[in-house]
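A quick write-up on the structure given underneath.
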2 protein chains.
Amino acid sequence: MTVGQQGRGPSIWARPQRGTRGPSPEYRLADIAAAAIRLASAGGLAAVSMRAVSAELDTTASTLYRYVASRDELLDLMVDNALAGFVHTPRSGEDWLGELVRLAEATRSLYVSQPWLLDAVPTGSAPGPNTLRWFEHCLQAIAALDRTPLQKMEAVGVLNGVIMLFARSAAAPTAIDFGAMDPARHPLLTSVLTGTAPGLPTADLFERTIRAVLGGLLDDRAG
Amino acid sequence: MTVGQQGRGPSIWARPQRGTRGPSPEYRLADIAAAAIRLASAGGLAAVSMRAVSAELDTTASTLYRYVASRDELLDLMVDNALAGFVHTPRSGEDWLGELVRLAEATRSLYVSQPWLLDAVPTGSAPGPNTLRWFEHCLQAIAALDRTPLQKMEAVGVLNGVIMLFARSAAAPTAIDFGAMDPARHPLLTSVLTGTAPGLPTADLFERTIRAVLGGLLDDRAG
DNA sequence: CCTATATTGCGAACGTCGTTCGCGGTTAGA
DNA sequence: TCTAACCGCGAACGACGTTCGCAATATAGG
């Protein structure tokens, strides 16, 4: 592969195959990604260091650079590997909004089950095949709508952002320190925080938000 | 101050003042935050290392720990210092949705002008006085609405998330490498990407999204 | 006034990190 | 057979966050 030195070519996904010369590689990208995901599931993305991942595979850090040009590329690999677990099948007779809500909830549950994704996705600048498959599913659901491609792309981008937003608030149990709050200066905030238990978001807040956003952006009445 | 060793008390904002014993501190938190913001504006949040910030102030890294318990606390300081530049005054006769849209656009422009905020905010778990002031403004705008405090809090949280989402997409000019895209496998995505210039989001997409979200979550017809 | 105590700035160090370099060994093409 | 490409790996580099201990300094209490 020899990616470490020369490899500032295209992204991992469109990298030329290895030559046939030397010994065959001892590891596969899928195994490397799986080892990294194992560490991330246990200790968050911070636990995914090149040394830790290589140790998980009983090798050394420098060996990893035969397969991956940088840690960010390894994160790209992890993201796409995790998104391989995303499945979505349209149901006959389902309206596009209902299908997208269902797709959004499946996506969110995937983010929630693997919270490190929320930290890894912003880094990634090279969407892998499974990420593209997710986009394709979204576009498929709204294919019949009479909107410009750009509008559809924007809507899907916002959809993804809203999903990550809700997944993030579900993953972080609001360990916020309000030590700076002065009841005199912030009366409304004080009454809200003391009046009711902060708690988790309303159960249907996610679906309502999705419907509000997509309905507002793609519904035929808008424009 | 002696924060580095004993300082695992409350957050920076609710920290006991320094005693009167020793020599008076040579630096102020505001100056430290300003120096860090200067570095972040120039080179992103990655340029804000304890050594770099201390060098900016002509001192050493260990000195910083007299003022700040950790790098994350320094980031909290930076965020609140940047949010000090946020101003918002309600206009008489303005409806709540219009006011929130105006507030949202002011917030977004602040995020866009200082993109490191988007990386620093997720870290911060201790909102400073200026952050609380922002929340207070939001709650003020919807004070007259007949919604439960929890619903209002949720809506403000979603509002903030949407603002950051749009600020992020405006800050990162879509340097995405689509090298993995196979036209056969992803026909819709291919047609969208080749058919139109990716470009920036529609001009009014932000406002329309804000209105869709807040209208859907807080309007009297919903619920 | 004198002394104990608290506080400051700082040099040095520790462990970890991402990444690079060069070596010896291995395989396939010329 | 020889050469060029490829592999795994040990060692190192520079940077990072953070801790520790020391000399200097200023106040509080007697």
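Chain identifiers are assigned alphabetically (A, B, ...) following the order of the sequence lines, protein sequences preceding nucleic acid strands; residue numbering begins at 1 within each chain.
- Side-chain to base pairing of A/R21 with C/dG29: no donor and acceptor N or O lie closer than 3.5 Å to each other.
- The base of D/dG8 sits within donor-acceptor range of the side chain of A/R66, with an N or O pair under 3.5 Å.
- Across the protein-nucleic acid pair, A/R18 atom CZ and D/dA5 atom C1' stand 10 Å apart, rounded to whole Å.
- Remark: A/R51 in residues 41-58 of chain A come within less than 4.0 Å of DNA chain D through at least one heavy atom.
- Counting heavy atoms from C-beta on, the side chains of B/W134 and B/V156 come closer than 4.5 Å.
- Donor-acceptor pairing under 3.5 Å, judged by distance alone, is absent between the side chain of A/T60 and the base of D/dG10.
- The nearest whole Å value for the distance from the CG atom in A/L64 to the C1' atom in C/dT20 is 14 Å.
- Separating the CG atom of B/D72 from the C1' atom of D/dG17 is a distance of 10 Å, rounded to the nearest angstrom.
- At the phosphate of D/dG8, OP1 or OP2 sits under 4.0 Å from a side-chain N or O atom of A/Y67.
- In terms of position on DNA chain D, the residue among B/A61 and B/S24 whose nearest nucleotide sits closer to the 5' end is B/A61.
- The distance between atom CG of A/L75 and atom C1' of C/dG18, rounded to the nearest whole Å, is 12 Å.
- Counting to the nearest Å, the P atom of D/dC6 and the CD atom of A/Q17 are 12 Å from each other.
- Toward the 5′ end of DNA chain C lies the nearest nucleotide of B/P23, the other residue of the pair B/P23 and B/S62 mapping further downstream.
- OP1 or OP2 of D/dC9 lies within a sub-4.0 Å distance of a side-chain N or O belonging to A/T59.
- For the pair A/R108 and A/F206, the cation-pi criterion (under 6.0 Å, within 45° of the ring axis) is fulfilled.
- Of the N and O atoms on the side chains of B/D72 and B/T123, not one donor lies less than 3.5 Å from an acceptor on the other residue.
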Solution key, residues 42-56 of chain B side-chain donor-acceptor pairs under 3.5 Å, sequence neighbours excluded:
residue : atom : partner : partner atom : Å
B/S49   : OG   : B/A52   : N            : 3.0
B/S54   : OG   : B/M50   : O            : 2.9
B/S54   : OG   : B/R51   : O            : 2.8
B/S54   : OG   : B/A61   : N            : 3.3
B/E56   : OE2  : B/R38   : NH1          : 2.8

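- When rounded to the nearest whole Å, the span between OH of B/Y65 and C1' of C/dA13 equals 14 Å.
- One atom, CG of B/L74, and another, C1' of D/dT18, lie 14 Å apart when rounded to the nearest Å.
- Using a 4.0 Å cut-off between a side-chain N of Lys or Arg and a carboxylate O of Asp or Glu, B/R15 and B/E73 qualify as a salt bridge.
- Distances shorter than 4.0 Å separate none of the side-chain N or O atoms of B/T20 from OP1 or OP2 on D/dA26.
- Rounded to the nearest 0.5 angstrom, A/L64 CG and A/R66 CZ are separated by 12.0 Å.
- Atom OG1 of A/T63 and atom CD1 of A/I32 lie 9.5 Å apart (nearest 0.5 Å).
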